[in-house]
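Residue indices begin at 1 and follow the sequence shown. Because the structure is a prediction, the values reported are computed rather than measured.
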Amino acid sequence: MRYFSYCFLISLLFFSCKKEENLNLELRDNLLLEDGLLKIEILADSLDVPWDLAYASDDFLWLTEQGGRISRINLGTGEFETIHFVEEVWRLRTTGLLGLAVHPDFKNHPFVLVNYTVEQGEKRSNKLMRFTFQNGRLESPKELLEIQANTAHNGSRIAFGPDGMIYWATGDAYVFENAQDPASLNGKILRMDLEGKIPEDNPFPDSYVWAKGFRNIQGLDFSAQGLLYSSEHGDAIEDEINLIVKGANYGWPFIEGFHDLKEEKEFAEAQSTLEPLYSWTPVIAPSGLTYYQGPIAAWNHSLLLTALKGMALRVLTLDREGKRIIGEKVYFYQRYGRLRDVAVASNGDIYISTSNQDWNPQPGFPKVGDDRILKISIANQAVLEPIMADDLASNTQLKGKELYNNYCASCHKPDGKGVSGIFPALLGNEVVEGDTEALLKLLLSGSEGTQTDQRMPSFAFLSDDQIAAITNYLYLLTNMKKEVVTPEKVAKFR
């Protein structure tokens, strides 16, 4: 019956015209939900990795681009306006102009917060800056805080809380022990007032730290009920959605995701750590996160999440109290490429940014016109044949190529050529071409990395059968004629 209902709805809604009249935006897609129809239009294109989007109460959409540009778009006219360029931005891989937030009462408090990386000699740091928007420009720059940075794990989302305070999510700066170190501000969520001072009611005396134990937070937002949520990159497993509680510890680097290993349970008991609301294995590289409450009924009271490796928009339905995720739907899988951020306007329109010009493009991207900002809103009629939600149920029994694509291809790439100077190529790789024993030990134990190559995580969480399947596929991919690896052989090196 559902199939026939969909077909009937499509037949009622489908028309032959090519565009909808709304700011003369180019229509990219129509999306059919069970209870309605949406349109996806191109608001802006040819951008330089639009890293963060923020809606301002004067009906402008603000954005940062990784290279240093701060802009805004008039959502009534579609006019794009460059406001400021941060000259001191240092950009390499995941560094650059990153986080952005505008004051929720922008008319009376025209403050814009941005976070960016700088390099001075051998020192690399992340700056949290406050600007005042006056006369069409960002003026009166004030540095609120400066912390350690690195070429990875900079976190960098910013949110204004319902208490008027600033919340800043920081990564561990690729120094894992930072996340638990009380003397470090990395791997934390920090809280401060508009002047950059420590509030008296912070959980730790004379400390900016609001919560700790994070690897690399990529999304941060408050719900209408005042609950704070974050999205976080895991290592090789368990990307996370967390409900943030004052003074809580979330476990990294001693715990990844749920407390399901003996040593994780011991650390959790000793440190009273909190588990995530939700996690993904294989990882999807969750990025921007926002709470949705608006006219799109199917998505109401949900968290909207963009994903980089997962290349999709995920809608995570919350329970009534907002303390559990009770449903997940996936949209636009691989259709627009890597998705970096998401924002919601006061009328419920949704804006997402693609990230296909960044340091780690996926196969088939970037396309002409990337990177873009896409607008999602309610449609009265279908102009294009509607697409629907994607069915991406997880399957822990995936073999060979599928396992490689899930766990390895985002770094080493589907063709095994890697990323020069960052992720080593598998073709001609001495470990892959060497003894199978060394390769299995690497897969099971990981590596610490070098000054040029990234650290490789352990894949010991995979079964012997899965490790064997990946190893055999690596030999096929690299044209190595080796003896077939069996699960029994893998078991010998655990």
Side-chain angles (χ1 to χ4, degrees), residues 50-64 70-76 81 83-84 98-115 128-134 136-142 144-145 156-169 189-199 201-202 208 210-211 217 219-231 243-244 246 288-296 299-306 318 322 341-353 373 375:
W51 207 93
D52 205 328
L53 307 176
Y55 175 77
S57 56
D58 59 355
D59 207 35
F60 280 82
L61 183 71
W62 288 72
L63 64 138
T64 56
I70 303 173
S71 307
R72 66 174 189 164
I73 303 173
N74 186 322
L75 296 180
E81 180 182 11
I83 301 297
H84 188 74
L98 306 175
L100 167 74
V102 297
H103 196 283
D105 183 10
F106 196 65
K107 180 178 179 180
N108 297 310
H109 303 281
F111 297 125
V112 176
L113 302 180
V114 294
N115 161 219
L128 181 63
M129 301 289 296
R130 189 194 76 193
F131 292 90
T132 302
F133 183 61
Q134 293 176 320
R137 299 190 301 272
L138 291 182
E139 299 179 345
S140 307
K142 178 179 175 61
L144 300 183
L145 193 60
S156 302
R157 296 294 181 186
I158 313 164
F160 279 96
D163 54 6
M165 297 297 171
I166 298 166
Y167 293 76
W168 183 22
I189 292 177
L190 310 178
R191 180 176 180 257
M192 68 196 76
D193 65 19
L194 275 170
E195 299 299 318
K197 296 179 180 178
I198 299 172
D201 59 344
N202 270 13
Y208 286 103
W210 184 254
I217 292 176
L220 191 71
D221 197 29
F222 283 90
S223 71
Q225 296 77 30
L227 299 178
L228 180 59
Y229 302 92
S230 71
S231 60
L243 174 61
I244 304 303
K246 177 181 179 179
L289 178 78
T290 194
Y291 174 80
Y292 186 79
Q293 184 168 294
I296 303 175
W299 296 357
N300 207 31
H301 191 48
S302 295
L303 298 175
L304 306 183
L305 176 73
T306 52
L318 297 165
D341 198 25
V342 55
V344 179
S346 60
N347 66 354
D349 290 348
I350 298 164
Y351 299 88
I352 58 176
S353 63
I373 297 174
K375 176 184 178 181

Nearest 0.5 Å, what's the CG-CH2 distance between N115 and W168?
-> 5.0 Å
Hey, are the side chains of H84 and V112 touching, using non-hydrogen atoms and a 4.5 Å cut-off?
-> no
Stepwise side chain to side chain donor-acceptor pair (under 3.5 Å) test for T64 and D52 | CA-CA 5 Å; T64 56; D52 205 328; 5.4 Å; no
So how far is it from F160 CZ to Y167 OH, rounded to the nearest 0.5 Å?
-> 12.0 Å
CG (L220) and OG1 (T290) are apart, to the nearest 0.5 Å, by 10.0 Å
Can you tell if the side chain of K107 reaches within under 4.5 Å of the side chain of D58, non-hydrogen atoms only?
-> no
Taking it one step at a time, do L318 and Y291 satisfy side-chain contact (heavy atoms from CB on, under 4.5 Å)?
-> CA-CA 10 Å; L318 297 165; Y291 174 80; 3.9 Å; yes
Do the ring planes of W299 and Y292 sit parallel (below 30°), tilted (30 to 60°) or perpendicular (above 60°)?
-> perpendicular
Stepwise side chain to side chain donor-acceptor pair (under 3.5 Å) test for Q134 and T132 | CA-CA 6 Å; Q134 293 176 320; T132 302; 5.7 Å; no
Measure up the F133 and W62 rings against each other and bin them: parallel (under 30°), tilted (30 to 60°), perpendicular (over 60°).
-> perpendicular
To the nearest 0.5 Å, atom CD of Q225 lies from atom CD of Q293 at 6.0 Å
Check whether any side-chain heavy atom of L128 lies under 4.5 Å from a side-chain heavy atom of M192, and answer yes or no.
-> yes
Indicate yes or no: does R137 engage E139 in a salt bridge with an N to O separation below 4.0 Å.
-> yes
Is it true that K246 and D201 make a salt bridge, defined as a side-chain N closer than 4.0 Å to a carboxylate O?
-> no
Test side chain to side chain contact (heavy atoms under 4.5 Å, CB included) applied to Y351 and L61, L63, D341, the passing residue | L61
Distance in Å, I352 CD1 paired with L304 CG, rounded so as to fall on 0.5 Å steps = 9.5 Å
Atom pair CG (L144) and OH (Y208), whose distance is rounded to the nearest 0.5 Å = 8.0 Å
Ignoring hydrogens and angles, tell me if any N or O in the side chain of Y229 forms a donor-acceptor pair with the backbone of G322 under 3.5 Å.
-> yes
Do R157 and W51 have side chains that get closer than 4.5 Å, going by heavy atoms?
-> yes
